[in-house]
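This is a predicted model, so every value here is computed, not measured. Both backbone and side-chain heavy atoms feed into the values below; hydrogens, waters and symmetry mates do not. In what follows, every chain begins at residue 1, and chains take the letters A, B, ... in the order their sequences are listed.
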Amino acid sequence: MSPKSAGLAKKWGYGDVKVYSNGVPGWKKAGNYLVSTIDFVMTGNIVLVDLRSPQVVNAGHIPRAVNIPFKDLSGAKEKFPPSKVAPIVFYSDNIEDSKKAVNIARKWGYKNNTVFPFEGPKECVAKGYEISTGEVARDIHWVRKRDIGEISLKDMDTALKSDAIKVIDVRGMDEYESGHFPGAFNIPLDTLPQRLKEIPKDKFIVVHCKTGVRGEMAYLLLKEKGYAVKYLNAKCKCKPDGTYWIWE
Amino acid sequence: MKKKRWFVALSIMVATGFCLSFISVHQAAAEDVFKVKGNVKGVSGKAKTISLSVKGKGSMVFKFNDKTRFINAKSARDMKKGEAAVVKYKSAGPDMLAVSITKAIAKMPGGVSVIKTPEVAALLKKGPKAGNYALIDARPAKRYKAGHIPTAISIPVTNLKKGGKGLLPAKGKTLIFYCGGPT
């Protein structure tokens with residue numbers, strides 16, 4: 001994307017044109033932080049953490065924010081959602097606290113942590129956004145929004161009990177044999193393109209693997225071939241006796 | 001007599017071996033290697049499988065092994081979803097086995113130079129005015145909103161193509177473009 005844009009700028013006569021080719025991944029890898037826009041903070045499905053002290057927060061905070069004062073953050077790990085892809089946005093009246101918070105969350109394994117450069121409640125109102133006053137939330141309630149094609153953990157349980165839904169395990173044969181979901185059928189991902197005939201078109205199909213990576217590839221392939229298909233984007237473990245665990 | 005039979009048996013074995021090796025060499029030479037270009041849809045290190053979306057062909061699933069050559073990438077780990085890749089493959093039984101997997105790296109257009117993280121960080125410290133730069137996020141706006149490099153402005157590459165040069169800041173400063181990775 002960026003070389004293309006740079007090429008256009010050059011064509012239009014701009015003199016000094018550069019590309020930061022390491023881009024966002026390189027920037028994060030070097031320990032730097034990213035910032036989110038006010039629009040994302042106000043409307044996104046995020047974990048929003050207000051790092052200021054409770055007294056200041058109650059006087060005016062961003063709606064949906066959860067207050068964890070910066071000094072308490074390092075001890076508050078268990079408050080955060082189990083899913084490490086949850087987008088977490090930190091804000092404070094001291095941006096240095098927010099930057100440090102991003103690094104703390106990174107150490108806990110969270111992958112999408114950003115800073116919102118908060119300029120105070122007045123600035124938010126001036127930009128046309130609402131501000132909440134009074135008692136602020138202390139606990140995080142974040143529910144992951146699933147992409148089209150992902151099956152929820154609850155629906156996965158239902159799928160395993162239903163005759164109208166065929167569950168296909170796309171792991172390797174050895175992985176399947178060491179334990180699989182009750183009723184699941186094994187077609188390893190790499191043999192899937194050659195074995196489409198074995199998959200009924202009159203049933204809903206759910207594909208899964210061990211983490212969701214192979215499941216997603218199988219999902220894309222089957223969707224293309226016209227199947228009504230979903231995939232499990234979660235980790236799972238199955239014992240030889242048919243007991244299983246699914247978690248994110 | 002016994003000795004002679006042994007000798008005959010041995011020479012037959014050697015001759016067969018020679019013929020077989022010749023046949024296998026001949027077959028290897030005749031084995032077709034195909035090449036496709038597409039976007040990476042997913043990679044599984046565990047299953048040693050990479051899936052590519054190829055124009056006109058849809059999803060293609062390839063196996064790779066220890067002999068697969070990775071070009072512009074150290075291993076399958078460096079192949080990221082959404083990036084372009086070229087796979088050379090041959091058929092191995094029912095599978096398509098990747099002979100080589102090349103991560104497509106966009107060539108820098110003429111006159112455009114690459115800037116590294118420390119230089120970007122140094123400019124950011126000065127700020128866009130004192131540093132006389134415009135940092136431009138070329139990714140889709142949704143990505144920019146979720147998280148961008150401080151001081152960056154958003155001009156998605158698709159907008160720039162359609163909207164033209166009026167979208168860029170005035171001339172006279174350094175333009176730095178970035179996106180989601182080294183492509």
Side-chain angles (χ1 to χ4, degrees), chain A residues 1-27 29-30 32-37 39-40 44 46 87 89 112-115 117 170-172 175 188-195 209-211 213-214 216-218 220-221 224-225, chain B residues 41-44 46-49 51 53 58-63 94-96 106-118 120-121 135-139 143-150 152 154-157 160-161 164-165 168 171-183:
Chain A
M1 291 179 220
S2 48
K4 186 97 207 165
S5 294
L8 287 170
K10 206 72 206 173
K11 195 179 102 187
W12 294 329
Y14 281 80
D16 192 7
V17 182
K18 292 182 162 65
V19 166
Y20 175 40
S21 60
N22 292 336
V24 170
W27 185 251
K29 212 174 169 184
N32 297 306
Y33 70 102
L34 296 177
V35 292
S36 295
T37 65
D39 179 47
F40 181 73
I46 57 171
V89 184
N112 301 311
N113 319 296
T114 57
V115 168
V170 297
R171 296 177 302 161
E175 291 174 276
L189 173 66
D190 49 289
T191 64
L192 190 62
Q194 301 96 44
R195 293 178 61 182
C209 59
K210 198 184 168 202
T211 61
V213 173
R214 282 172 280 176
E216 189 186 4
M217 290 191 255
L220 290 169
L221 184 84
E224 227 174 70
K225 301 291 176 193
Chain B
K41 284 288 161 197
V43 185
S44 168
K46 193 161 178 62
K48 291 195 179 297
T49 303
S51 135
S53 153
S59 285
M60 293 180 80
V61 180
F62 303 97
K63 291 284 281 180
D95 292 332
M96 292 188 281
K107 275 189 195 132
M108 283 305 147
V112 173
S113 59
V114 170
I115 184 167
K116 295 288 180 195
T117 308
V120 176
L135 182 61
I136 301 166
D137 190 322
R139 301 173 304 160
R143 293 275 168 132
Y144 173 86
K145 286 179 180 178
H148 58 265
I149 299 177
S154 169
I155 309 176
V157 62
L160 193 61
K161 269 190 227 166
K165 58 182 159 187
L168 291 176
K171 284 176 188 170
K173 54 177 109 184
T174 306
L175 298 189
I176 306 164
F177 293 91
Y178 74 87
C179 54
T183 50

* Please indicate whether Lys116(B) has more than 12 foreign heavy atoms, meaning atoms of other residues, nucleotides or ligands, lying under 6.0 Å from its NZ. => no
* Is it the case that more than 12 heavy atoms not belonging to Lys145(B) sit under 6.0 Å from its NZ atom? -> no
Ignoring hydrogens, what is the shortest heavy-atom contact between [X] and [Y]? Give both atom names and the distance.
| X | Y | answer |
| --- | --- | --- |
| Ser51(B) | Met217(A) | CB-SD, 3.2 Å |
| Val61(B) | Asp190(A) | CG1-CA, 4.0 Å |
| Arg214(A) | Ala47(B) | CD-CB, 3.3 Å |

* **Most contacts with chain B, counted as non-hydrogen pairs under 4.5 angstrom, among Gly26(A), Pro193(A), Gly13(A)** => Gly13(A)
* Asked: For Ala152(B), is it the side chain, the backbone, both, or neither that has a heavy atom closer than 4.5 Å to a heavy atom of chain A?
  -> neither
* Under 4.5 Å from any heavy atom of chain A - which part of Phe62(B) -> neither
Pick one of side chain, backbone, both or neither for [X], based on which atoms fall under 4.5 Å of a heavy atom in chain B.
| X | answer |
| --- | --- |
| Leu8(A) | side chain |
| Ala30(A) | side chain |
| Ser36(A) | both |
| Val17(A) | both |
| Pro87(A) | neither |
| Lys11(A) | neither |
| Asp39(A) | side chain |

* Could you grab the distance from atom OH of Tyr20(A) to atom CG of Leu135(B), nearest 0.5 Å is fine? => 9.5 Å
* **Euclidean distance, Tyr14(A) OH relative to Leu168(B) CG, rounded to 0.5 Å** => 4.5 Å
Counting C-beta onward and ignoring hydrogens, is there a side-chain heavy-atom pair between [X] and [Y] closer than 4.5 Å?
| X | Y | result |
| --- | --- | --- |
| Arg171(A) | Lys46(B) | no |
| Pro109(B) | Lys10(A) | no |
| Arg139(B) | Val24(A) | yes |
| Leu221(A) | Lys41(B) | no |

* Look only at the side chain of Glu224(A) and the backbone of Ser59(B), and say whether a donor-acceptor pair between them is shorter than 3.5 Å. => yes
* To do: Begin from the C-alpha positions of Val114(B) and Lys18(A) and carry the test side-chain contact (heavy atoms from CB on, under 4.5 Å) through to its verdict.
  => CA-CA 6 Å; Val114(B) 170; Lys18(A) 292 182 162 65; over 6 Å; no
Who among [options] has the most heavy-atom pairs with chain A under 4.5 Å?
| options | value |
| --- | --- |
| Gly110(B), Gly164(B), Ser53(B) | Gly164(B) |
| Ile136(B), Ile115(B), Ile155(B) | Ile115(B) |
| Lys173(B), Lys107(B), Met60(B), His148(B) | His148(B) |
| Pro156(B), Gly147(B), Ala146(B) | Ala146(B) |
| Lys63(B), Arg143(B), Met96(B), Lys171(B) | Lys171(B) |
| Asp137(B), Leu160(B), Thr49(B) | Leu160(B) |

* Please assess Ser21(A) against Met108(B) for the test side-chain contact (heavy atoms from CB on, under 4.5 Å), listing each intermediate value before the final yes or no. => CA-CA 10 Å; Ser21(A) 60; Met108(B) 283 305 147; 4.2 Å; yes
* Go through the steps for Lys4(A) and Lys161(B) under the test side-chain contact (heavy atoms from CB on, under 4.5 Å), then give the verdict. => CA-CA 9 Å; Lys4(A) 186 97 207 165; Lys161(B) 269 190 227 166; 3.8 Å; yes
* Apply side-chain contact (heavy atoms from CB on, under 4.5 Å) to Tyr178(B) and Asn22(A), showing your working. => CA-CA 8 Å; Tyr178(B) 74 87; Asn22(A) 292 336; over 6 Å; no
